[in-house]
2 protein chains.
Amino acid sequence: MTESESPKPYHHGHLREQLLAAGEQALGEMPVEQVSLREIARRAGVSHAAPKHHFPSLGHLLGEVAARGYTRFAGALAAAADAAPDQSPQSRLLAMGRAYLRFAESNAAAYQLMFGQREPMVMTPNLITASYAAWSQLLEAVTAIVGSARAQGAALHVWSSVHGLSTLKLSGRVPPEMPGHNLEEQMLQMMLAGLENQ
Amino acid sequence: MTESESPKPYHHGHLREQLLAAGEQALGEMPVEQVSLREIARRAGVSHAAPKHHFPSLGHLLGEVAARGYTRFAGALAAAADAAPDQSPQSRLLAMGRAYLRFAESNAAAYQLMFGQREPMVMTPNLITASYAAWSQLLEAVTAIVGSARAQGAALHVWSSVHGLSTLKLSGRVPPEMPGHNLEEQMLQMMLAGLENQ
DNA sequence: AGATATATTTTTACATTGTCAAGATTTAAT
DNA sequence: ATTAAATCTTGACAATGTAAAAATATATCT
């Protein structure tokens with residue numbers, strides 16, 4: 001029972017890690033509903049049943065991939081806020097909003113996995129904590145503007161706005177006659193105005 | 001039990017209509033991703049390949065079902081606006097917002113089909129016109145508040161808010177410690193405030 | 001060390017799914 | 001009535017996720 005030296009890799013190496021990487025890679029190259037268990041196994045160079053020992057089901061694998069997505073996501077939001085030109089709470093929140101929209105656009109499949117209803121996805125513990133961390137970040141930024149009493153409702157308002165716009169765009173429901181960038185900025189301003197004038 | 005029959009033109013009757021009805025029925029009883037072509041055929045009492053002659057693919061069938069969803073949806077919004085206590089533009093818009101949230105909640109699977117990324121869904125002509133009709137309705141309500149110049153951006157703001165909240169709730173991402181009804185009302189108020197103070 | 005146990009991967013297999021190609025059968029046309 | 005067309009069923013195929021059994025590599029123990 002003496003656990004002596006560092007754990008040596010098994011047959012294939014650290015397959016669990018590679019499966020997660022393959023999942024993220026697949027999300028970058030194909031729509032979310034095409035990211036199947038067998039596709040991920042294929043990319044990792046193993047048989048279609050190999051993941052079974054590391055993830056009890058596809059849903060668990062996707063859950064872990066989504067958790068990683070949330071971590072990247074939270075990092076992007078934090079970086080944007082810290083890089084905001086004027087470091088006022090309003091400026092920081094707007095920066096986060098822009099980063100949010102940019103993330104959803106540049107990581108469409110991952111975003112759809114994280115927020116959509118890809119339906120064999122399991123709410124893994126890692127996923128719960130990672131998504132809660134992202135939410136906390138937004139909550140903090142909003143608290144700096146409206147105070148802690150109204151923070152929850154206000155944060156939900158902010159989140160709904162940017163999430164709603166993101167999903168509408170991703171599903172192609174936004175009439176294309178509206179130029180994208182200007183429109184987003186306009187929406188963020190309304191969102192902020194709603195926060196402050198209520 | 002098969003005696004007096006009305007004009008039954010074909011083998012089974014008007015199968016196309018029954019398939020659409022079966023699709024809507026299925027959406028009321030199971031999650032959207034379980035609504036398969038074979039499930040719909042089963043409910044209509046025909047073989048799994050029978051739909052082929054009426055719909056070239058599952059995507060087309062789902063598209064038509066979604067179109068019907070949009071028609072019901074637009075009807076609910078219109079009824080709510082016309083039944084608003086105070087018939088001011090603001091009151092009408094708030095009523096529509098509440099109806100929107102209620103529809104998404106009471107018709108979860110249909111809503112997810114209409115707005116989500118159920119991915120073999122085809123943008124059928126009927127679907128395009130029906131969804132555009134719903135959008136026009138919202139646009140009209142918003143125009144009455146902000147004028148036609150800013151209407152498009154404002155309508156997108158409104159839509160994003162209610163759509164974002166709906167999808168967040170449907171995907172179980174709204175922290176449950178917030179009581180639902182009060183929260184929704186709070187969000188609608190912020191949404192309206194953002195419209196007017198910008 | 002050699003023997004045995006455990007962990008990992010592959011191979012098969014099965015029930016689903018959507019779509020296609022032939023048949024079969026009912027309705028319409030001539 | 002015969003023929004043509006439209007409609008439905010049957011059977012097949014390639015995918016999918018999952019499960020069990022077989023194979024293989026690694027770890028543990030004496």
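Below, read A as the first sequence line, B as the second, and so on, with proteins coming before strands; counting in each chain starts at 1. The figures that follow rest on heavy atoms only: side chains count, while hydrogens, waters and symmetry mates do not. Treat the numbers as computed from the prediction; the structure is a model and nothing was measured.
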Mind checking ring pair (Phe, Tyr, Trp, His ring centres under 6.0 Å) for B/F55 and listing every partner two or more places apart, or none if nothing turns up? none
Length of the line joining A/H53:NE2 and D/dA23:C1', which is rounded to integer Å: 13 Å
Going 5' to 3' through nucleotides 12-18 of chain D, assign each nucleotide B (protein heavy atom under 4.0 Å from a base atom), S (under 4.0 Å only from sugar-phosphate atoms) or - (no protein heavy atom that close). B---BBB
All N/O donor-acceptor pairs, side-chain side in residues 108-118 of chain A, below 3.5 Å, sequence neighbours left out:
unit_1: A/Y111; atom_1: OH; unit_2: A/Y100; atom_2: OH; d: 2.7
unit_1: A/Y111; atom_1: OH; unit_2: A/H163; atom_2: ND1; d: 2.6
unit_1: A/R118; atom_1: NE; unit_2: A/V32; atom_2: O; d: 3.2
unit_1: A/R118; atom_1: NH2; unit_2: A/V35; atom_2: O; d: 2.9

For A/R150, check salt bridge (Lys or Arg N to Asp or Glu O under 4.0 Å) against everything at least two apart and list the hits. none
To the nearest angstrom, the CG-C1' distance between A/L15 and D/dA25 comes to 14 Å
Rounded to the nearest Å, what distance is computed from the NE2 atom of residue A/H14 to the P atom of nucleotide C/dT8? 14 Å
Separation of atom CD1 in B/I40 from atom C1' in C/dT17, rounded to whole Å: 13 Å
Which listed nucleotide (C/dT8, C/dT10, D/dC8) is nearest to the side chain of A/A50? C/dT10
Figure out the CG/P separation between A/L19 and C/dT8, and round it to whole Å. 13 Å
Mind checking whether B/W135 and B/W159 have parallel, tilted or perpendicular rings, split at 30° and 60°? tilted
Would you please name every residue forming a side-chain hydrogen bond (donor to acceptor under 3.5 Å, both in side chains) with A/S106, sequence neighbours left out? none
Whole angstroms only, please: what is the CD-C1' distance between A/E17 and C/dT8? 17 Å
Taking distance alone, no hydrogens or angles, what donor-acceptor pairs closer than 3.5 Å link side-chain atoms of residues 20-31 of chain B to residues at least two apart or in another chain?
unit_1: B/Q25; atom_1: OE1; unit_2: B/R43; atom_2: NH1; d: 3.0
unit_1: B/E29; atom_1: OE1; unit_2: B/R43; atom_2: NH1; d: 3.0
unit_1: B/E29; atom_1: OE1; unit_2: B/R43; atom_2: NH2; d: 3.1

